[in-house]
Amino acid sequence: MLQVRRILQLKSQGKSNRDIAEELHMSRNTVNEYVKQIFLLNKSLEDLLKLNDEELSSLVYNEPPSAELDWKFADLQQRIPGLCDELKKPHATRMILWEEYRQMVPDGYGYTQFCEHLSRFLETRKAVMLFDHEPAASMMFDFAGDKIALTDYQTGEITWCQVLVCVLPFSGFTYIEAMLSANRNRLLKALNNAISFIGGVPRSAKTDNMKQVVKKSNRYEPAFEELAQQWSLHYGTTIMAARVRKPRDKASVESHVNAVYNRIYAPLRNRIFHSLDQMNEALWEALDKFNHRNLQRCDYSRRDRFMLHEKALLLPLPAGDFVPKNKVEAKVQRNYHITLGEDWHHYSVPYKYIGKTIQIIYDTDHVEIYLDAVRIVCYRRNYNRNGHTTLPEHMPPDQRHYAQIKGYNREYFVEKATQIGDNTERVISKILEQKIYIEQTYNSCLGVLRLGEKYGTDRLEAACGRALMGYKVTYMGIKNILERNLDKAHPQTDLLVSIPDHDNIRGAESYQ
């Protein structure tokens with residue numbers, strides 16, 4: 001418009017088109033076209049100079065479209081929304097849509113103009129909105145798409161580790177952590193570490209519809225997993241989920257994932273990690289530099305903005321980290337025990353609950369057993385597979401009396417053996433030490449003691465003395481001694497048997 005105004009001024013001074021072209025360094029034909037268009041307006045030069053740029057532009061450059069182009073454009077504009085929806089469908093291309101368009105409108109636009117109008121319309125659908133995030137209002141978290149390799153030092157086997165990225169949108173303050181897998185318990189532990197790293201609790205935590213957190217996705221009321229709800233309750237925050245297939249709902253963490261690739265992954269691209277701790281130490285070292293790095297075209301860093309405006313507004317940390325509690329149901333078996341399937345360990349409950357379905361709530365340290373929201377018993381968690389944890393008061397009266405009479409333990413068997421004699425006591429002690437699980441030796445000890453009831457305690461004591469002269473003591477060995485009356489034989493004459501001379505037996509001289 002500056003050139004148009006200059007032409008108007010020079011023309012009002014009475015200069016010719018040739019002089020104007022030379023002074024403005026323009027083509028004479030261009031000046032002729034401008035002058036022609038100005039005189040067609042039937043307005044004085046002074047009136048045109050008084051107009052603003054927008055009004056002058058609308059007069060000088062306004063060329064009424066031809067009737068042919070007008071109906072083509074109007075028709076295509078009506079069809080474009082439907083064409084864009086069709087373009088989203090699998091295997092649909094612009095060429096196919098244009099061919100279908102020309103079948104319906106034979107005199108319509110050519111392929112180039114069709115694509116041009118379609119692209120212009122699609123650009124209008126890419127508009128984004130700017131959000132002003134409040135300090136301490138939210139923490140967004142997501143897994144990075146690219147994993148990091150963990151190499152076994154001995155075998156060279158590679159395990160790909162997931163990386164969790166947590167961001168405070170207001171300041172951009174970031175936390176990352178590598179994990180061997182993305183299961184729910186490891187995720188919650190990493191979130192505990194993120195909250196501790198931040199030093200406070202934001203009012204909400206937002207993620208996508210990852211299955212570790214969201215049980216059932218919904219635009220308005222998503223259903224969250226029970227452990228995720230326990231985590232949010234423990235920290236006094238609200239857990240939120242983005243809409244399905246709407247990554248811009250958590251744009252801050254999405255953009256910071258790319259920043260993590262460029263600023264953390266890239267400097268470590270040639271490093272080889274042999275342990276998860278080594279990997280996380282390297283990640284956290286690079287993360288510290290990332291948080292201290294000044295933002296682009298700013299004189300402050302993410303950490304500066306966080307410490308100055310956000311940290312003081314965070315909710316206080318609870319007394320301890322969140323410990324996940326799992327809940328399962330089980331039926332009390334006839335032996336008045338329930339089984340925790342994760343460890344395959346059996347815990348006793350009062351025998352009166354046999355056949356009833358109870359609830360088991362457990363974490364890494366404790367196992368609580370409930371019936372109708374009333375806690376029956378609490379145990380310290382035992383990870384011994386196929387083991388039993390039994391309380392005597394849970395037994396029926398007859399079994400409790402039986403167990404009290406038997407009293408099977410190490411002290412019981414040693415005491416009974418001592419009453420018979422020293423040899424018997426030494427035999428029982430050796431048998432008790434033969435197995436890793438001492439309970440597996442109780443039947444052998446019981447069998448040895450019962451041999452005294454059959455053969456008498458004196459013969460049992462003598463048999464035990466003879467058995468101790470061998471390299472191994474067993475119940476069957478003592479039983480064989482008693483059955484063959486070897487306990488009555490003199491040990492000097494019967495135990496020491498010499499090898500008879502024979503032609504097939506070689507002497508020491510054969511091995512020189």
Side-chain angles (χ1 to χ4, degrees), residues 133-143 162-179 182-208 210-215 222-242 250 252-253 256 276-277 280 283-284 287-288 291 302-303 305-328 342 359-370 373 375 378-381:
H133 297 284
E134 296 181 11
S138 176
M139 178 184 76
M140 299 182 182
F141 62 94
D142 196 5
F143 287 106
Q162 298 274 4
V163 177
L164 178 71
V165 180
C166 304
V167 178
L168 297 177
F170 172 78
S171 61
F173 194 60
T174 305
Y175 173 80
I176 63 174
E177 182 174 340
M179 301 180 291
N183 66 41
R184 187 177 297 113
N185 287 339
R186 284 196 168 97
L187 170 63
L188 294 177
K189 184 179 179 181
L191 290 176
N192 289 347
N193 296 338
I195 295 295
S196 299
F197 177 80
I198 293 169
V201 183
R203 294 193 294 275
S204 67
K206 191 172 188 178
T207 184
D208 56 12
M210 59 175 65
K211 63 181 180 181
Q212 300 92 327
V213 177
V214 179
K215 183 190 299 183
F224 296 100
E225 291 288 346
E226 184 174 349
L227 280 180
Q229 296 183 47
Q230 292 178 16
W231 180 86
S232 65
L233 181 64
H234 176 81
Y235 285 105
T237 186
T238 301
I239 194 162
M240 302 173 65
K250 51 181 182 63
S252 294
V253 69
H256 274 74
L276 189 63
D277 292 338
N280 276 322
L283 290 174
W284 292 334
L287 174 66
D288 189 58
N291 282 326
R302 292 173 172 83
R303 178 175 285 278
R305 185 170 171 84
F306 167 73
M307 298 299 294
L308 187 62
H309 300 290
E310 192 163 25
K311 185 173 176 59
L313 300 178
L314 293 169
L315 301 176
L317 291 170
D321 289 342
F322 170 72
V323 178
K325 287 184 177 291
N326 298 282
K327 182 178 179 181
V328 295
E342 187 173 328
Q359 294 78 41
I360 308 173
I361 298 177
Y362 63 97
D363 55 31
T364 55
D365 298 319
H366 299 92
V367 176
E368 298 175 285
I369 301 174
Y370 289 83
R375 191 171 78 173
C378 179
Y379 289 101
R380 185 79 177 176
R381 187 170 178 181

Query raised in the report: With sequence neighbours left out, what residues match Arg305 under side-chain hydrogen bond (donor to acceptor under 3.5 Å, both in side chains)?
Result: none
**Report entry** Minimum heavy-atom distance Cys166-Met139, with the two atoms named
**Finding:** CB-SD, 4.1 Å
Query raised in the report: Excluding sequence neighbours, so at least two apart, what forms salt bridge (charged side-chain N to carboxylate O under 4.0 Å, His left out) with Asp288?
Result: none
Query raised in the report: What are the two closest non-hydrogen atoms of Asp363 and Val323, and how far apart are they?
Result: CB-CG1, 3.6 Å
**Report entry** Check: Thr237 side chain, Ser204 main-chain N or O, donor-acceptor pair, under 3.5 Å
**Finding:** yes
**Report entry** Test side-chain contact (heavy atoms from CB on, under 4.5 Å) applied to Leu313 - qualifying residues, sequence neighbours left out
**Finding:** Pro135, Ala136
Query raised in the report: Does the side chain of Asn291 come under 3.5 Å of the side chain of Tyr175 through a donor N or O and an acceptor N or O?
Result: no
Report task. Look at Lys327 together with Glu226 and state whether they make a salt bridge at an N to O cut-off of under 4.0 Å. Result -> no
Query raised in the report: Is the side chain of Asn192 donor-acceptor paired with the backbone N or O of Phe322 at a distance under 3.5 Å, no angle test?
Result: yes
Report summary line: In short, salt bridge (charged side-chain N to carboxylate O under 4.0 Å, His left out) pairs touching residues 185-198 with sequence neighbours left out are none
Query - Residues that Phe306 engages under ring pair (Phe, Tyr, Trp, His ring centres under 6.0 Å), provided they are two or more places apart - result: Phe173
Report task. Report the residues that fulfil side-chain contact (heavy atoms from CB on, under 4.5 Å) with Leu233, sequence neighbours left out, ordered by chain and then residue number. Result -> none
Report task. Would you check if the side chain of Trp284 reaches a backbone N or O of Ile176 as a donor-acceptor pair within less than 3.5 Å? Result -> yes
Report task. Enter the distance from Gln359:CD to Glu368:CD here, rounded to the nearest 0.5 Å. Result -> 12.5 Å
**Report entry** Partner residues of Asp321 under the side-chain hydrogen bond (donor to acceptor under 3.5 Å, both in side chains) criterion, sequence neighbours left out
**Finding:** none
Query raised in the report: Once you round to the nearest 0.5 Å, how far does NZ of Lys325 lie from CG of Leu227?
Result: 10.5 Å
Report task. Check for a donor-acceptor pair, side chain of Gln212 on one end and backbone N or O of Ala182 on the other, with a separation under 3.5 Å. Result -> yes
Query raised in the report: When rounded to the nearest 0.5 angstrom, what distance separates CD in Gln230 from CD1 in Ile361?
Result: 8.0 Å
Query raised in the report: What heavy-atom pair brings Leu168 and Ser138 nearest, and what distance separates the two atoms?
Result: CD2-O, 3.5 Å
Query raised in the report: With sequence neighbours left out, what residues match Glu342 under side-chain contact (heavy atoms from CB on, under 4.5 Å)?
Result: Tyr362, Arg381
Query raised in the report: Shortest non-hydrogen contact from Ala178 to Leu283?
Result: CB-CD1, 3.8 Å
**Report entry** Partner residues of Thr174 under the side-chain hydrogen bond (donor to acceptor under 3.5 Å, both in side chains) criterion, sequence neighbours left out
**Finding:** none
Query raised in the report: Tell me, which pairs form a side-chain hydrogen bond (donor to acceptor under 3.5 Å, both in side chains) where one or both residues lie in residues 306-316, sequence neighbours left out?
Result: Ser171-Glu310
Requested in this report: Look up atom CD in Glu177 and atom CZ in Phe141, then write down how far apart they are to the nearest 0.5 Å.
Outcome: 13.5 Å
Query raised in the report: Taking C-beta and beyond as the side chain, do Ile369 and Tyr379 meet within less than 4.5 Å on heavy atoms?
Result: yes
Query - Over all atoms of both residues, closest heavy-atom pair of Pro316 and Val201 - result: O-CG2, 3.8 Å
Report summary line: Hits for side-chain contact (heavy atoms from CB on, under 4.5 Å) against Ala241, two or more places apart or cross-chain, chain-then-number order -> Asn209, Val214, Pro222, Phe224
Requested in this report: Please say whether more than 12 non-hydrogen atoms of neighbouring residues, nucleotides or ligands are located less than 6.0 Å from CD in Glu134.
Outcome: no
Query raised in the report: If you round to the nearest 0.5 Å, how far is CG of Leu187 from CD of Glu225?
Result: 11.5 Å
Query raised in the report: Residues in side-chain hydrogen bond (donor to acceptor under 3.5 Å, both in side chains) with Lys206, at least two apart?
Result: none
**Report entry** Between CG on residue Asp208 and NZ on residue Lys250, distance to nearest 0.5 Å
**Finding:** 4.5 Å
Query raised in the report: What's the shortest heavy-atom distance between Asn185 and Pro324, and which atoms?
Result: OD1-CB, 3.7 Å
